[in-house]
Amino acid sequence: MNVIESILSKDELTRQDITLLLQANDEDRAKLFAKSAEVKEKYVGRKVYLRGLIELSNICSKNCFYCGIRSGNQDFTRYNLSDDEVVEAARYSWQNGYASIAIQSGEVSNSAFTQRITNLLKKINAATSSELGITLSMGEQTEETYREWFDNGAIRYLLRIESSSRELYAKLHPNNKAHDFGKRVECLRLLQRVGYQTGSGIMVGLPFQTIENLADDLLWLKEMDVDMVGLGPYVEHPDTPLYKYKDMLLPLDERFALALRVIAILRIIMKDINIVAPTALQAIDKLGREKAIKIGSNVVMPNVTPGLYRNEYKLYNNKPSTAEADEDCKKCLEARIRLTGDEIGYNEHGNPIHFTQRNKRIL
Ligand code: SAM
Ligand code: SF4
């Protein structure tokens, strides 16, 4: 047995084990992927669940240094979908058996926004017989707001930590109260307390990020006991402050390969969570999401935002836009997922098994 094989045979992985797995050579990488595929099949099965992604608005009050829709970027048009457009996208998802939607937007925290989302949740539920599993991803909010949305039908919430290293976090965000690492962690705790299926995640291949940072991120996600993870490669955007560090980044194909390893290790250390096959992988490799499904991911978020707006939700370079997103049409998606050997869990919520287990532990 070589070093990697003996690591893969352990029940618990240490920081050093994870660091070695992240750097394994090609032959060992194949063993890592075989192991993570085996864990996926055993603990969550070979089913992929769909969440129709609705990019509600690119209006954001924050100024994260990596993000194309940050408030400081004035080089593009801001939009806000109408309620009717959102309800229509939700109905499309429901009628096509997607069973879940994920509504994502820039961060806005005021009573008018809270109220709008509450009303939207009511309208979506009325239009879809309350059958959709609704995920929200709208950044940091107060406990009251999280509770109000939960009470009105949202069951999942995604809030990436981006990096679990306070130091690195500080390099990625302005130094002020609106971008506070501690507050983001606290929000994740609030979400768990309110009762959401709670998701977090990171970006892989950030400037200044080390392999040890990634190992710590993986252990942090486990420690936080999250139910879902969305993680993907960092892809630079020219109109952001972080772009000036582009020359220190790994080439895109290496960031892609590293993100796949992170997903595989995550599947091994958090066996029964839901892991998203991220769109940012598809931005680098057309078959990126399928590759992630093969080695551990079990959730795909086909974009159902009206085509007119997709080009304005540019978080990073090469984000699949209107034309490419046609590949998310139902038939294309089916063909692509069939390629992986998995089946689509149509009309199933596909709630994370981890969530049920976590609640059993609390009771
Ligand atoms: N505003 C909410 C928030 O930040 O939690 C939700 C929407 S935000 C656009 C969703 C995610 O996009 C972020 O958590 C971040 O990880 C990702 N993102 C932003 N800029 C990115 C970039 N340049 N490369 C890869 N992912 C990026
Ligand atoms: Fe706004 Fe989210 Fe982008 Fe930060 S990552 S600028 S909070 S949309």
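Just so you know, ligand 1 is whichever comes first in the structure, and atom 1 is the first atom listed for that ligand. Bear in mind the structure is a predicted one, so any value in this text is a computation, not a measurement.
For atom 9 (C) of ligand 1, the nearest non-hydrogen atom of the protein is L315 CD2, 3.3 Å. The protein heavy-atom contact nearest to atom 10 (C) of ligand 1 is Q104 NE2, 3.8 Å. Regarding atom 3 (Fe) of ligand 2, its nearest protein heavy-atom neighbour is C67 SG, 2.4 Å. Regarding atom 20 (N) of ligand 1, its nearest protein heavy-atom neighbour is Y66 CD1, 3.4 Å. For atom 23 (N) of ligand 1, the closest heavy atom belonging to the protein is V235 O, 2.8 Å. Taking atom 6 (C) of ligand 1 as the reference point, the nearest protein heavy-atom neighbour is S105 O, 3.4 Å. Protein heavy atom nearest atom 15 (C) of ligand 1, with residue, atom name and distance: E162 OE1, 3.4 Å. When only non-hydrogen protein atoms are considered, atom 17 (C) of ligand 1 lies nearest to R160 NH1, 3.8 Å. The nearest protein atom to atom 4 (Fe) of ligand 2, hydrogens excluded, is given as C64 SG, 2.3 Å; this is a heavy-atom distance. Atom 1 (Fe) of ligand 2 has C60 SG, 2.2 Å as its closest protein atom, hydrogens excluded (heavy atom only).
Looking only at atom types and distance, the side chain of E290 has no donor-acceptor partner in the side chain of T340 under 3.5 Å away. Residues R78 and N58 have side chains that never bring a donor and an acceptor to within less than 3.5 angstrom of each other. Side-chain contact, D28 with N2: a donor N or O sits under 3.5 Å from an acceptor N or O.
The residue K62 has no part lying near ligand 1, judged by heavy-atom distances below 4.0 Å. With a 4.0 Å cut-off on non-hydrogen atoms, I69 touches ligand 2 through its side chain and not its backbone. By the criterion of a heavy-atom distance under 4.0 Å, the side chain of M203, and not its backbone, is placed next to ligand 1. Contacts with ligand 1 closer than 4.0 Å are made by side-chain heavy atoms of R184 only, the backbone lying farther away.
Residue contact annotation: G139 has no non-hydrogen atom under 4.0 Å from ligand 2. Heavy-atom separations between A280 and ligand 1 are all 4.0 Å or longer.
Heavy-atom neighbours of E254 CD from other residues, nucleotides or ligands within 6.0 Å: above the threshold of 12. For CG of N175, the number of neighbouring non-hydrogen atoms (other residues, nucleotides, ligands) closer than 6.0 Å is 12 at most. For K331, the NZ atom counts as loosely surrounded, since its 6.0 Å shell holds 12 or fewer non-hydrogen atoms of other residues, nucleotides or ligands. For Y245, the OH atom counts as loosely surrounded, since its 6.0 Å shell holds 12 or fewer non-hydrogen atoms of other residues, nucleotides or ligands. Q74 CD: 12 or fewer foreign heavy atoms inside a 6.0 Å radius.
A single hydrophobic cluster is seen to contain both L81 and Y98, as judged by linkage of ILVMFWY side chains at heavy-atom distances under 4.5 Å, directly or through other members.
For ligand 1, the atoms lying closer than 4.0 Å to a non-hydrogen atom of Y313 are 7 (C), 9 (C). Within the listing of ligand 2, atoms 8 (S) sit less than 4.0 angstrom from a heavy atom of G106. Residue-ligand proximity, P233 to ligand 1, at heavy-atom distances under 4.0 Å covers atoms 25 (C). Each of the following atoms of ligand 1 lies closer than 4.0 Å to a heavy atom of S137: 6 (C).
Checking only distances, Y234 never comes within under 3.5 Å of ligand 1, N or O to N or O.
One finds the SG atom of C60 at 6.0 Å from the CD1 atom of I69 (value rounded to the nearest 0.5 Å).
Each of L221, V44, V229 was scored for a side chain to side chain contact (heavy atoms under 4.5 Å, CB included) with I273, with one residue passing: V229. Test V108, V86, L56 against I117 for side chain to side chain contact (heavy atoms under 4.5 Å, CB included) and you get one pass: L56.
Under the 4.0 angstrom criterion, atom 1 (N) of ligand 1 counts as having a protein heavy-atom contact. Within the 4.0 angstrom cut-off, atom 13 (C) of ligand 1 has one or more protein heavy-atom neighbours.
Between Y157 and Y196, the angle of the ring planes goes over 60°, which puts this pair in the perpendicular group of the 30/60° scheme.
Taking 4.5 Å as the limit, every side-chain heavy atom of R255 sits out of range of all side-chain heavy atoms of V204.
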